[in-house]
Visitor: 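Just dropping this structure here.
Reckoned from all heavy atoms, side chains included, excluding hydrogens, waters and symmetry mates.
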Amino acid sequence: MSMAECGAIILAAGLSRRMGARNKLLIEMDGRPMIRRVVRAAVDVCDGPVTVVTGHQRADIEAALAGLPVLCVHNPAFETGQKSSVVCGLKAAAEAEATLMMLGDQPLLRADHLIWLLSQHRARSPRQITVPVNAERRGNPLVIPKTLKMLLLADPHNPGCRSFTRAHPEHVQPVETSNPAFFVDIDTDDDLADFQSRREAVE
């Protein structure tokens with residue numbers, strides 16, 4: 001069997017502390033939980049496995065994804081922060097030529113945005129990590145080639161995407177875009193209130 005062209009790791013383990021008692025990933029948008037919107041976009045694009053890393057309110061997240069062809073992997077160390085979820089996802093995800101490293105709280109992202117990012121990755125240098133940027137601002141998701149995936153875990157004291165891409169800029173290719181879908185995530189009630197106007201800018 002040939003290797004898949006694209007897989008995805010979606011981080012959905014966070015505590016949502018800045019949203020108070022609510023889990024932001026379960027907030028409904030257009031009748032669907034936010035996490036389902038994001039995961040659906042990845043499923044629509046990827047021909048390989050989509051891995052969702054869970055943690056906080058694991059059962060509720062999995063229920064929100066019922067019926068989608070995804071692998072849910074629980075991060076027992078989710079309270080230590082996002083880095084542990086990145087490591088958990090990288091270890092669990094199946095091999096693919098390229099892997100999207102995605103956040104679960106970017107509801108502006110649609111399948112066509114992911115297709116555009118992957119096309120930029122393949123057209124430029126598919127052996128580098130592709131990062132959407134707007135001037136000095138870095139966005140998400142990242143596109144990680146299979147040749148670099150395990151290198152993100154090579155430093156046991158500081159694993160993960162952020163530390164690796166900053167320590168090894170020679171392995172990173174920035175892709176300039178002003179599309180807010182790559183930069184808007186929802187952490188607070190103010191972010192949520194701003195969601196509708198941002199979505200109008202994308203659509």
Side-chain angles (χ1 to χ4, degrees), residues 6-29 32-46 48-96 99-109 114 129 131 138-144 149-166 181-192 195:
C6 177
I9 298 168
I10 301 171
L11 306 180
L15 290 164
S16 299
R17 286 192 177 99
R18 286 184 280 175
M19 291 295 290
R22 292 189 295 176
N23 186 334
K24 62 183 177 181
L25 300 182
L26 299 174
I27 294 171
E28 288 207 354
M29 297 177 171
R32 292 182 295 167
M34 186 195 314
I35 185 60
R36 190 176 183 92
R37 290 172 61 100
V38 176
V39 173
R40 178 80 251 185
V43 167
D44 286 346
V45 168
C46 295
V50 174
T51 301
V52 181
V53 182
T54 65
H56 180 55
Q57 297 183 344
R58 167 190 185 182
D60 293 331
I61 295 293
E62 292 181 1
L65 301 177
L68 294 180
V70 300
L71 170 66
C72 289
V73 178
H74 182 64
N75 172 21
F78 69 90
E79 292 189 41
T80 64
Q82 188 182 90
K83 187 178 294 185
S84 66
S85 293
V86 171
V87 171
C88 182
L90 287 169
K91 288 181 176 179
E95 286 297 314
T99 298
L100 288 160
M101 180 64 74
M102 300 176 59
L103 305 180
D105 64 348
Q106 287 188 279
L108 288 173
L109 276 175
L114 300 179
I129 295 173
V131 182
R138 291 163 62 106
N140 288 287
L142 277 59
V143 186
I144 303 167
K149 183 181 171 187
M150 286 300 103
L151 286 180
L152 300 179
L153 301 173
D155 182 353
H157 303 293
N158 199 20
C161 301
R162 182 173 299 181
S163 56
F164 181 85
T165 55
R166 282 165 170 74
F182 295 106
F183 305 98
V184 172
D185 57 6
I186 292 181
D187 292 319
T188 67
D189 286 324
D190 287 342
D191 293 338
L192 185 59
F195 171 70

Visitor: Mind checking the OG1-NZ spacing from Thr99 to Lys149? Nearest 0.5 Å is all I need.
Guide: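 Reported value, rounded in 0.5 Å steps: 5.0 Å.
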Visitor: Taking all non-hydrogen atoms of both residues, which atom of Pro33 and which atom of Ala64 are closest, and how far apart?
Guide: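 Distance-wise, the nearest heavy atoms are CG-CB, 3.9 Å.
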Visitor: So which heavy atom on Gly104 is nearest to which on Ile35, and how close?
Guide: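 Minimum heavy-atom separation between Gly104 and Ile35: CA-CD1, 3.7 Å.
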Visitor: Backbone N or O of Ser163 within a donor-acceptor pair of the Lys83 side chain at under 3.5 Å?
Guide: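 Side chain of Lys83 to backbone of Ser163: no pair is present.
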Visitor: Minimum heavy-atom separation for Asp187 to Asp191, with atom names?
Guide: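 The answer is N-OD2, 2.9 Å.
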Visitor: Can you tell me if Arg36 uses its side chain to pair, donor with acceptor, with the backbone of Ala66 under 3.5 Å?
Guide: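 Checking the backbone N and O of Ala66 against the side chain of Arg36, a donor-acceptor pair under 3.5 Å is found.
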Visitor: Is there side-chain contact between Ile186 and Met29, with heavy atoms separated by less than 4.5 Å?
Guide: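 Heavy-atom side-chain distance check passes, below 4.5 Å.
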Visitor: Looking only at heavy atoms, which two atoms of Leu65 and Cys72 are closest? And how far apart?
Guide: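 For Leu65 and Cys72, the tightest heavy-atom pair comes out as CD1-SG, 4.2 Å.
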Visitor: So Val53 and Ile10, do their side chains get closer than 4.5 Å, heavy atoms only?
Guide: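 Not touching, per the 4.5 Å side-chain cut-off.
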Visitor: I need the Phe78 CZ to Thr54 OG1 distance, nearest 0.5 Å.
Guide: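 Nearest 0.5 Å value for the CZ-OG1 distance: 9.0 Å.
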Visitor: CD/Gln106 to CE/Met34 distance, rounded to the nearest 0.5 angstrom?
Guide: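 The CD atom of Gln106 sits 10.5 Å away from the CE atom of Met34.
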Visitor: Atom NZ of Lys91 and atom CE of Met150: how far apart are they, to the nearest 0.5 Å?
Guide: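 It is 9.0 Å, given to the nearest 0.5 Å.
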Visitor: Once you round to the nearest 0.5 Å, how far does CG of Leu100 lie from CD1 of Ile9?
Guide: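 These two atoms lie 9.5 Å from each other.
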Visitor: Within the structure provided, determine whether Leu103 and Gln82 are in side-chain contact (heavy-atom separation under 4.5 Å).
Guide: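 Contact flag for Leu103/Gln82 side chains = yes.
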Visitor: More than 12 foreign heavy atoms under 6.0 Å from CZ of Arg162: is that the case here?
Guide: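 For Arg162, atom CZ is not crowded (no more than 12 foreign heavy atoms under 6.0 Å).
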Visitor: Using only atom types and a distance under 3.5 Å, with no angle test, would you say the side chain of Ser85 pairs donor to acceptor with the backbone of Ala13?
Guide: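 Looks like no, no N/O pair under 3.5 Å.
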Visitor: Locate the shortest heavy-atom distance separating Cys88 from Val73; write the atom from each residue and the value.
Guide: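 It is SG-CG1, 3.6 Å.
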Visitor: Hey, does Leu109 have a side-chain heavy atom less than 4.5 Å from the side chain of Pro141?
Guide: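 Touching, per the 4.5 Å side-chain cut-off.
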Visitor: If we check side-chain contact (heavy atoms from CB on, under 4.5 Å) with Met102, which of these qualifies: Leu142, Leu114, Leu11?
Guide: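 Testing Met102 for a side-chain contact (heavy atoms from CB on, under 4.5 Å) against Leu142, Leu114, Leu11 leaves exactly one candidate, Leu114.
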Visitor: How many angstroms lie between CZ in Phe164 and CG in Leu153, if you round to the nearest 0.5 Å?
Guide: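 It comes to 10.5 Å.
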Visitor: I need the minimum non-hydrogen distance between Gly81 and Ser84, along with the two atoms involved.
Guide: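 Of all heavy-atom pairs spanning Gly81 and Ser84, the closest is O-OG, 2.8 Å.
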Visitor: Would a distance-only check, ignoring hydrogens and angles, find a side-chain to backbone donor-acceptor pair under 3.5 Å from Asp44 to Ala41?
Guide: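 Not confirmed, Asp44 side chain does not pair with Ala41 backbone.
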Visitor: Taking the side chain as every heavy atom from C-beta outward, state whether His56 and Ile61 have any atom pair closer than 4.5 Å.
Guide: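 His56 vs Ile61: side chains apart.
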Visitor: Taking Arg37 for the side chain and Pro107 for the main chain, is one N or O donor matched with an acceptor at less than 3.5 Å?
Guide: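 A pair under 3.5 Å: yes.
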Visitor: Testing Leu152, Thr165, Leu151 one by one against Ile144 for a side-chain contact (heavy atoms from CB on, under 4.5 Å), which residue passes?
Guide: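 Answer to the side-chain contact (heavy atoms from CB on, under 4.5 Å) test with Ile144 among Leu152, Thr165, Leu151: Leu152.
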Visitor: side-chain contact (heavy atoms from CB on, under 4.5 Å), that's the test. Do Asn140 and Met101 meet it? Break it down for me.
Guide: CA-CA 8 Å; Asn140 288 287; Met101 180 64 74; 6.0 Å; no
Visitor: For residues Pro49 and Leu71, determine if any side-chain heavy atom of one lies less than 4.5 Å from a side-chain heavy atom of the other.
Guide: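 Side-chain contact under 4.5 Å: no.
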Visitor: Does any part of the side chain of Val52, heavy atoms only, come nearer than 4.5 Å to the side chain of Val39, both counted from C-beta?
Guide: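 Touching, per the 4.5 Å side-chain cut-off.
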